[in-house]
Visitor: 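Quick one: structure below, then a few questions.
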Amino acid sequence: MAEDIWDENLYKIFEKGFPTNDKTFIETPEEKIISYGELKKTSAMFANALTDLGVVQGDRVLVQANKSPEVVFLYLACLRAGAIFVPLNTAYTKSELEYFIKDSEPKVVVCDQLSPLMDFSSEIDFPDLKILTLDSSGNGSLMMLVEGQLVTFNTVNSGGAAIACILYTSGTTGRPKGAMLSHSNLGTNAYTLKESWGFMPDDVLLHTLPVFHAHGLFVAVNTVLANGTGMIFLPKFDVKEVIRLMPKSTLMMGVPTFYTRLLADPQFTTHIAKHMRLFISGSAPLLADTHAEFYKLTGHKILERYGMTETAMNTSNPLDGERVPGSVGPALPGIEIRVVDNDDKLLGLNETGDIQVRGPNVFNGYWKKPDKTSEEFCEDYFFRTGDIGYLDDKEYLFIVGRAKDLIISGGYNVYPKEIESCIDELEGIVESAVIGVPHNDFGEAVVALITCDDSKTKVLDEYIIRSLKKTLASYKIPKAVFTVQEIPRNVMGKVEKSNLRELYKDIFKV
Ligand code: MCA
Ligand code: AMP
């Protein structure tokens with residue numbers, strides 16, 4: 001396809017490939033069907049509502065809402081109106097949210113009635129800010145505004161370079177950064193995945209991921225839209241519901257935890273997966289054992305792929321061809337992967353170093369952070385992923401570690417520095433070190449080691465957990481806290497995290 005076909009509003013590109021109006025876009029677990037015809041009308045109504053709220057091209061719409069079809073319509077409405085969709089994890093607490101609202105300076109905030117974002121209406125000094133509600137059953141003040149709107153909307157000619165979404169991603173240092181993804185970043189990636197994964201006209205995706213991350217929104221929803229096909233849309237991953245609805249589906253995308261939970265359930269049998277065409281995994285490493293066990297039970301080799309918020313998907317094991325357990329596959333078409341040393345010097349095959357990526361999928365930089373952006377890009381526009389790995393003889397990528405101090409728990413990223421800073425502020429704590437250790441369910445679990453003021457007083461784990469819960473999203477809370485005499489450091493004064501990981505690696509073994 002010619003390059004400039006991406007220089008268009010993403011909704012318009014999707015719309016060209018939509019099937020007939022009667023075809024299913026979303027089926028809910030209660031068997032409510034939302035057709036492509038309704039998608040067009042409802043997204044127009046949402047876009048008209050945004051316009052009524054004064055939203056114009058480039059305005060940010062900040063959304064912290066429980067998963068529902070209405071959130072997808074809001075996303076599509078943002079695309080159509082040229083607004084920037086800024087989704088946030090529903091687990092974020094008030095203190096985490098304050099930063100996001102101040103940094104993104106939204107025109108509109110959409111959240112659940114119970115969201116701490118509601119409190120900001122009186123606290124934040126943006127004269128034009130409007131806060132509307134949307135709950136998981138699709139009700140709220142936003143919906144009152146949507147009802148009665150026209151069912152047509154002239155999708156704006158934003159061009160492919162316009163920013164479609166800002167997704168916040170944390171880092172080893174500093175506050176979270178808003179990765180700006182353009183219409184064309186998302187478009188090229190969705191159509192590449194549709195081709196690479198051989199999407200069929202009658203495919204049905206079992207959608208169980210959250211829609212506030214790249215995985216659930218870009219990899220799953222955008223690829224479905226690019227294919228003009230349907231999805232069974234569950235509010236969350238619930239193993240019993242997944243088993244109930246899998247026989248009606250052909251595809252599933254998930255983090256490794258989804259697959260280990262399925263394997264652990266005796267009701268998940270060969271028969272349940274019989275109708276499935278493809279299982280895809282990503283966001284965190286899939287253990288070779290899980291891959292093998294899944295194959296033994298279902299006859300399916302889970303297809304593992306690799307991506308990032310900043311880049312959407314970079315590599316994928318092939319649909320037809322060898323799917324290698326432990327590898328994330330070769331670069332996707334049109335995307336370049338290279339492995340370099342500390343001086344950005346290219347390394348050869350099978351040599352381990354920093355993974356860098358370049359391609360039309362790679363984001364446009366961090367919102368309001370030009371310095372951070374230039375730090376992360378090489379002069380020739382390769383992006384530094386912060387992941388460590390090598391390309392083998394067949395140019396399959398193997399990720400062997402991370403240069404960034406990052407824990408991935410059940411597919412969610414947790415940066416130890418953020419947890420350590422919160423623990424260190426607590427009374428009675430001298431210092432802390434947070435590590436990730438192997439965990440059967442979450443892949444990695446967050447564990448904190450602490451030293452206390454007075455070695456005779458043991459600071460209670462419950463006190464730490466309770467205090468952290470006030471400020472941090474629940475998935476970041478340590479699953480175990482250990483009081484130690486001393487946090488080991490090397491001669492440079494750096495905490496020896498790899499030794500600690502080794503020391504505590506069996507604590508969750510059953
Ligand atoms: C929930 N809990 C967790 C996690 N999720 N703890 C650690 N890690 C987690 N991931 C905790 C809650 O805080 C709570 O603790 C308890 O578990 C039960 O919460 P609940 O919500 O019921 O949990 P769940 O429904 O069982 O959720 C587990 C999950 C979920 C289904 C694995 O975390 C999930 O959907 N993960 C997918 C994340 C994802 O989409 N990542 C993509 C990022 P307490 O009881 O103490 O309060 S995008 C990305 O990474 C890139 C682009 C890529 O490559 O895809
Ligand atoms: P995020 O910042 O949430 O987008 O997370 C991106 C990070 O998740 C990557 O930089 C990798 O460290 C990790 N990741 C994503 N997919 C995989 C995978 N298949 N295997 C190993 N790590 C992965």
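Keep in mind that what you see is a predicted model, and the values were worked out from it rather than measured. Just follow the structure's listing: the first ligand is 1, and inside any ligand the first atom is 1. Side chains are part of it too, since the values below use all heavy atoms of this structure and drop only hydrogens, waters and symmetry mates.
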Visitor: Is a side-chain donor-acceptor pair under 3.5 Å present for Asn185 with Ser182?
Guide: yes
Visitor: Kindly indicate whether atom 46 (O) of ligand 1 is approached by any protein heavy atom to under 4.0 angstrom.
Guide: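 Protein heavy atoms within 4.0 Å of atom 46 (O) of ligand 1 - there is at least one.
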Visitor: For Ser281, is at least one N or O under 3.5 Å away from an N or O on ligand 2?
Guide: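 N/O-N/O distance below 3.5 Å does not exist for this pair.
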Visitor: With a 4.0 Å cut-off, strictly under, does atom 14 (C) of ligand 1 pick up any protein heavy atom?
Guide: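 False for atom 14 (C) of ligand 1.
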Visitor: Give the atom numbers and elements of ligand 1 that come within less than 4.0 Å of a heavy atom of Thr257.
Guide: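 Listed by number with element: 32 (C).
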Visitor: Tell me, which protein residue and heavy-atom name are nearest atom 42 (C) of ligand 1, and how many Å apart are they?
Guide: Ser283 OG, 3.4 Å
Visitor: Can you name the atoms of ligand 1, numbered from 1 with element, that are less than 4.0 Å from a heavy atom of Pro210?
Guide: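 Atoms satisfying the 4.0 Å criterion: 35 (O), 40 (O).
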Visitor: Would Asn413 count as being in polar contact with ligand 1, using the rule that some N or O on each side must be under 3.5 angstrom apart?
Guide: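 N/O-N/O distance under 3.5 Å: no.
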Visitor: Would you mind listing which atoms of ligand 1 come within a distance below 4.0 Å of any non-hydrogen atom of Lys469?
Guide: 46 (O)
Visitor: Is Tyr306 close to ligand 2, meaning an N/O of one under 3.5 Å from an N/O of the other?
Guide: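 No - when backbone and side-chain N and O of Tyr306 are compared with those of ligand 2, no distance drops under 3.5 Å.
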Visitor: Of the side chain and backbone of His213, name the one, both, or neither that has a heavy atom under 4.0 Å from an atom of ligand 2.
Guide: neither
Visitor: Look at atom 54 (O) of ligand 1 and say whether a protein heavy atom is found at less than 4.0 angstrom from it.
Guide: yes
Visitor: I'd like to check which ligand 1 atoms, numbered from 1 as shown, lie under 4.0 Å from a non-hydrogen atom of Ser474.
Guide: 12 (C), 13 (O)
Visitor: Looking at ligand 1, is there an atom of it that comes within less than 4.0 Å of some heavy atom belonging to Gly282?
Guide: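 False for this residue.
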Visitor: Considering only the protein, which heavy-atom contact is closest to atom 33 (O) of ligand 1, and what is its distance?
Guide: Tyr412 CE1, 3.3 Å
Visitor: Could you tell me whether some N/O pair between Arg305 and ligand 2 is separated by less than 3.5 angstrom?
Guide: yes
Visitor: Using a 4.5 Å cut-off on heavy atoms from C-beta on, say whether the side chain of Ile507 contacts that of Val447.
Guide: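 Result yes, sub-4.5 Å side-chain heavy-atom pair found.
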Visitor: Side-chain contact test, heavy atoms from C-beta onward, threshold under 4.5 Å: evaluate it for Gln64 versus Phe100 and give yes or no.
Guide: no
Visitor: Please classify the Thr309 to ligand 2 contact at 4.0 Å (heavy-atom distances, strictly less than): side chain, backbone, both or neither.
Guide: both
Visitor: Measuring to protein heavy atoms, does anything land under 4.0 Å from atom 31 (C) of ligand 1?
Guide: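 At least one protein heavy atom is under 4.0 Å away.
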Visitor: Among protein heavy atoms, which sits nearest to atom 23 (O) of ligand 1, and what does the distance come to when rounded to 0.1 Å?
Guide: Lys236 NZ, 4.5 Å
Visitor: Considering both backbone and side-chain atoms of Ser409, is one of its nitrogen or oxygen atoms within less than 3.5 Å of a nitrogen or oxygen in ligand 1?
Guide: yes
Visitor: Can an N or O of Lys479 be found at a distance shorter than 3.5 Å from an N or O of ligand 1?
Guide: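 Among all N and O atoms of Lys479, at least one is under 3.5 Å from an N or O of ligand 1.
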Visitor: Hey, does His215 sit under 4.0 Å from ligand 2 if you only count heavy atoms?
Guide: no
Visitor: Does some non-hydrogen atom of the protein lie less than 4.0 angstrom from atom 37 (C) of ligand 1?
Guide: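 Given the 4.0 Å cut-off, atom 37 (C) of ligand 1 counts as touching protein heavy atoms.
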Visitor: Using a 4.0 Å cutoff against the non-hydrogen atoms of Val328, which atoms of ligand 2 qualify?
Guide: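 Ligand 2 atoms under the 4.0 Å threshold to Val328: 18 (C), 19 (N), 20 (N).
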Visitor: Just jot down the ligand 1 atoms closer than 4.0 angstrom to any heavy atom of Thr309, in number order.
Guide: 52 (C)
Visitor: Output yes when a protein non-hydrogen atom is found under 4.0 Å of atom 40 (O) of ligand 1, and no otherwise.
Guide: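 Given the 4.0 Å cut-off, atom 40 (O) of ligand 1 counts as touching protein heavy atoms.
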Visitor: Given Ala214, Gly401, Ala284, which has its nearest heavy atom closest to atom 18 (C) of ligand 2?
Guide: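 Selected option, by shortest heavy-atom distance: Ala284.
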Visitor: Under 4.0 Å from any heavy atom of Gly307, which atoms of ligand 1 are there?
Guide: 54 (O)
Visitor: Would you mind listing which atoms of ligand 2 come within a distance below 4.0 Å of any non-hydrogen atom of Met308?
Guide: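 Those atoms are 4 (O), 6 (C), 9 (C), 10 (O).
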Visitor: Do the numbers put Lys177 on top of the ring of Tyr366, so that NZ or CZ is under 6.0 Å from the six-membered ring centre and no more than 45° off the axis?
Guide: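 Yes, a cation-pi geometry holds between Lys177 and Tyr366.
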Visitor: Phe258: heavy atom below 4.0 Å from ligand 1, yes or no?
Guide: yes
Visitor: Could you identify the single nearest non-hydrogen protein atom to atom 5 (N) of ligand 1 and state the distance to 0.1 Å?
Guide: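 Of every protein heavy atom, Phe442 CE2, 4.0 Å lies nearest to atom 5 (N) of ligand 1.
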Visitor: Just let me know how Ile408 lines up against ligand 2, side chain, backbone, both or neither, with a heavy-atom cut-off below 4.0 Å.
Guide: side chain
Visitor: Need the ligand 1 atom indices (1-based, order shown) with element for anything under 4.0 Å from a heavy-atom of Arg261.
Guide: 24 (P), 26 (O), 28 (C)
Visitor: Looking at ligand 2, would Ser283 count as a contact under a 4.0 Å heavy-atom criterion?
Guide: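 It does, in that a heavy atom of Ser283 comes within the 4.0 Å cut-off of ligand 2.
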Visitor: Any N or O on Gly410 sitting closer than 3.5 Å to an N or O of ligand 1?
Guide: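 Yes, since at least one N or O of Gly410 sits under 3.5 Å from an N or O of ligand 1.
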Visitor: Between Thr385 and ligand 2, is there a nitrogen or oxygen pair with a distance under 3.5 Å?
Guide: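 For ligand 2, there is no N or O atom that lies under 3.5 Å from one belonging to Thr385.
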Visitor: Would you mind running through ligand 1 and noting each atom that sits below 4.0 Å from a heavy atom of Leu209?
Guide: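 Here the atoms of ligand 1 in question are 40 (O).
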